[in-house]
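Reviewing the structure listed below.
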Amino acid sequence: MPLDWDKLRVFHAVAEAGSFTHAGETLNLSQSAVSRQIQALEESLQVPLFHRHARGLILTEPGETLNRTVREVFAKLAMTEALLTESRERPAGRLKVTSTAGFGNAWLAPRLHRFVALYPEVSVILLLDDTDLDLAMREADVAIRMHPPRQPDLIQRHLATFGWRVCGAPAYLKTAGIPQRAEDLDAHRIICWGDHRPPTDQINWLTEAGRRPGAPRRAAVEINSQTGILRAVRSGLGLAALPEYMGRELEGLLHVLPEMKTPRLDAYFVYPEELRHSKRVTVFRDFVVAELAAAAS
């Protein structure tokens with residue numbers, strides 16, 4: 001018996017949502033209608049697809065297998081549909097862009113109004129996530145990352161290289177003093193990244209500056225958000241290394257140890273091979289490149 005596409009669409013929505021109710025809201029169907037579709041699909045396949053419990057639904061092993069295939073099929077269909085609609089002269093359609101929360105908040109989001117003004121028929125969805133979304137599975141169309149892509153079959157373009165600034169609030173430095181060399185950081189409160197999945201490998205380099213290898217200084221506070229670190233610095237909590245792309249966000253803070261050598265932060269524009277000829281991707285890439293060039297001039 002051939003699989004019913006409508007039932008598969010409902011199954012995929014339930015698998016992603018984890019409940020009949022939430023899937024029904026997405027599909028504009030009642031909970032009972034969704035439940036009947038799933039029951040009919042399970043009967044036709046003669047296997048249970050979900051474990052039912054009070055807190056929601058969990059995929060069974062056959063359900064996991066089916067969902068992997070269904071997710072891939074629907075992702076390919078979405079990509080094909082998008083490319084077909086782009087046969088028109090002007091770029092149009094949805095463009096899902098993912099970036100680290102720090103770069104997305106401080107640099108990209110404030111500039112999107114100019115892109116939308118240039119290409120009003122492109123609908124941008126900005127996903128800020130410090131973990132790498134799976135472009136091959138169409139979790140996003142393009143990514144701006146602070147490291148080369150780790151997945152195969154992705155096209156990459158180096159966008160820019162940024163430095164870091166060691167910053168502190170004037171009130172904090174008036175009390176704690178201004179460090180004159182890296183070793184002086186031992187006498188200061190250091191704010192660093194505090195998560196096991198940082199957006200770049202060298203993000204906590206300030207804890208090691210001026211120290212012997214393998215003996216980093218202890219951070220006073222760890223925060224897994226560049227915006228959170230910036231606000232903590234502004235409050236007078238201590239010193240932190242903040243990326244230069246934050247630009248105007250750093251105004252009002254004092255830049256200390258300006259002569260100290262810092263790691264470099266390389267940004268890449270990344271997208272799947274299938275979107276090589278996508279007009280939406282091309283114009284967005286060119287926009288980002290132009291904006292970076294303007295900011296550097």
Side-chain angles (χ1 to χ4, degrees), residues 1-88 90-99 119-129 131-143 151-155 270-281 284:
M1 184 180 187
L3 291 172
D4 185 304
W5 281 100
D6 287 334
K7 290 184 177 62
L8 289 177
R9 182 170 63 91
V10 172
F11 163 75
H12 180 59
V14 173
E16 297 300 308
S19 79
F20 294 142
T21 302
H22 292 149
E25 291 170 356
T26 302
L27 299 169
N28 199 25
L29 294 173
S30 67
Q31 178 182 346
S32 58
V34 172
S35 179
R36 285 196 301 271
Q37 291 274 51
I38 295 301
Q39 185 177 355
L41 181 59
E42 289 178 321
E43 289 174 356
S44 68
L45 294 172
Q46 297 184 342
V47 292
L49 299 173
F50 294 98
H51 295 297
R52 277 83 164 167
H53 61 85
R55 290 174 295 174
L57 302 170
I58 299 176
L59 286 165
T60 62
E61 187 174 343
E64 289 277 9
T65 301
L66 180 60
N67 193 43
R68 280 195 297 271
T69 301
V70 169
R71 183 189 292 135
E72 184 175 347
V73 168
F74 279 109
K76 294 291 185 184
L77 285 172
M79 180 177 288
T80 302
E81 181 184 11
L83 290 173
L84 288 173
T85 59
E86 281 196 306
S87 59
R88 291 176 293 180
R90 283 185 59 79
R94 285 159 44 108
L95 180 67
K96 288 203 291 186
V97 179
T98 182
S99 171
Y119 303 101
E121 294 176 39
V122 177
S123 176
V124 177
I125 301 164
L126 183 57
L127 305 171
L128 302 184
D129 199 319
T131 60
D132 289 354
L133 298 188
D134 192 335
L135 301 187
M137 293 302 296
R138 293 304 303 279
E139 290 183 342
D141 298 316
V142 303
Q151 288 180 267
D153 303 322
L154 295 179
I155 298 172
V270 185
Y271 55 99
E273 174 69 34
E274 299 99 298
L275 292 177
R276 176 184 291 274
H277 301 296
S278 167
K279 291 180 181 178
R280 289 165 300 147
V281 171
F284 186 73

Run the side-chain contact (heavy atoms from CB on, under 4.5 Å) test against [X] and tell me which residues pass, sequence neighbours left out.
| X | result |
| --- | --- |
| S123 | R94 |
| V124 | V97, L112, F115, V122 |
| T65 | R68 |
| Q39 | E43 |

Please tell me if the side chains of [X] and [Y] come closer than 4.5 Å, counting only heavy atoms from C-beta onward.
| X | Y | result |
| --- | --- | --- |
| D6 | V10 | no |
| L8 | L66 | yes |
| V14 | L57 | yes |
| V73 | W5 | yes |

Who passes side-chain hydrogen bond (donor to acceptor under 3.5 Å, both in side chains) against [X], sequence neighbours left out?
| X | answer |
| --- | --- |
| E64 | none |
| S30 | S32 |
| E273 | R276 |
| T60 | none |

How long is the gap from [atom1] on [X] to [atom2] on [Y], to the nearest 0.5 Å?
| X | Y | atom1 | atom2 | result |
| --- | --- | --- | --- | --- |
| L126 | L95 | CG | CG | 10.0 Å |
| I38 | R52 | CD1 | CZ | 7.5 Å |
| T21 | L29 | OG1 | CG | 12.0 Å |
| L275 | I155 | CG | CD1 | 8.5 Å |
| D141 | L127 | CG | CG | 9.0 Å |
| R138 | L133 | CZ | CG | 12.5 Å |

May I ask you to decide if P48's main-chain N or O and E42's side chain share a donor-acceptor pair within less than 3.5 Å?
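Side chain of E42 to backbone of P48: no pair is present.
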
Is there a donor-acceptor pair under 3.5 Å between the side chain of E121 and the backbone N or O of A92?
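Looks like no, no N/O pair under 3.5 Å.
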
Shortest non-hydrogen contact from [X] toward [Y]:
| X | Y | value |
| --- | --- | --- |
| T98 | A140 | CG2-CB, 3.8 Å |
| L135 | A143 | CD1-CB, 4.0 Å |
| H22 | A17 | CB-CB, 3.8 Å |

Plane angle bin for F50 and F11 - parallel if under 30°, tilted between 30 and 60°, otherwise perpendicular
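Tilted: the ring planes of F11 and F50 meet at 30° to 60°.
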
Going through the distances and angles, do T69 and N67 end up as a side chain to side chain contact (heavy atoms under 4.5 Å, CB included)?
CA-CA 5 Å; T69 301; N67 193 43; over 6 Å; no

With E16, which residues qualify under salt bridge (charged side-chain N to carboxylate O under 4.0 Å, His left out), at least two apart?
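In terms of salt bridge (charged side-chain N to carboxylate O under 4.0 Å, His left out), with neighbours along the sequence ignored, E16 is linked to R71.
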
Who passes salt bridge (charged side-chain N to carboxylate O under 4.0 Å, His left out) against K7, sequence neighbours left out?
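By the salt bridge (charged side-chain N to carboxylate O under 4.0 Å, His left out) rule, K7 matches D4.
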
Looking at residues at least two apart in the chain, or sitting in another chain, which of them share a ring-ring contact (aromatic ring centres under 6.0 Å, His included) with H12?
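Partners of H12 by the ring-ring contact (aromatic ring centres under 6.0 Å, His included) criterion, ordered by chain and then number, come out as F74.
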
Applying salt bridge (charged side-chain N to carboxylate O under 4.0 Å, His left out) as the test, list every pair that has at least one member in residues 23-32; sequence neighbours left out.
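Listed once each, the pairs would be none.
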
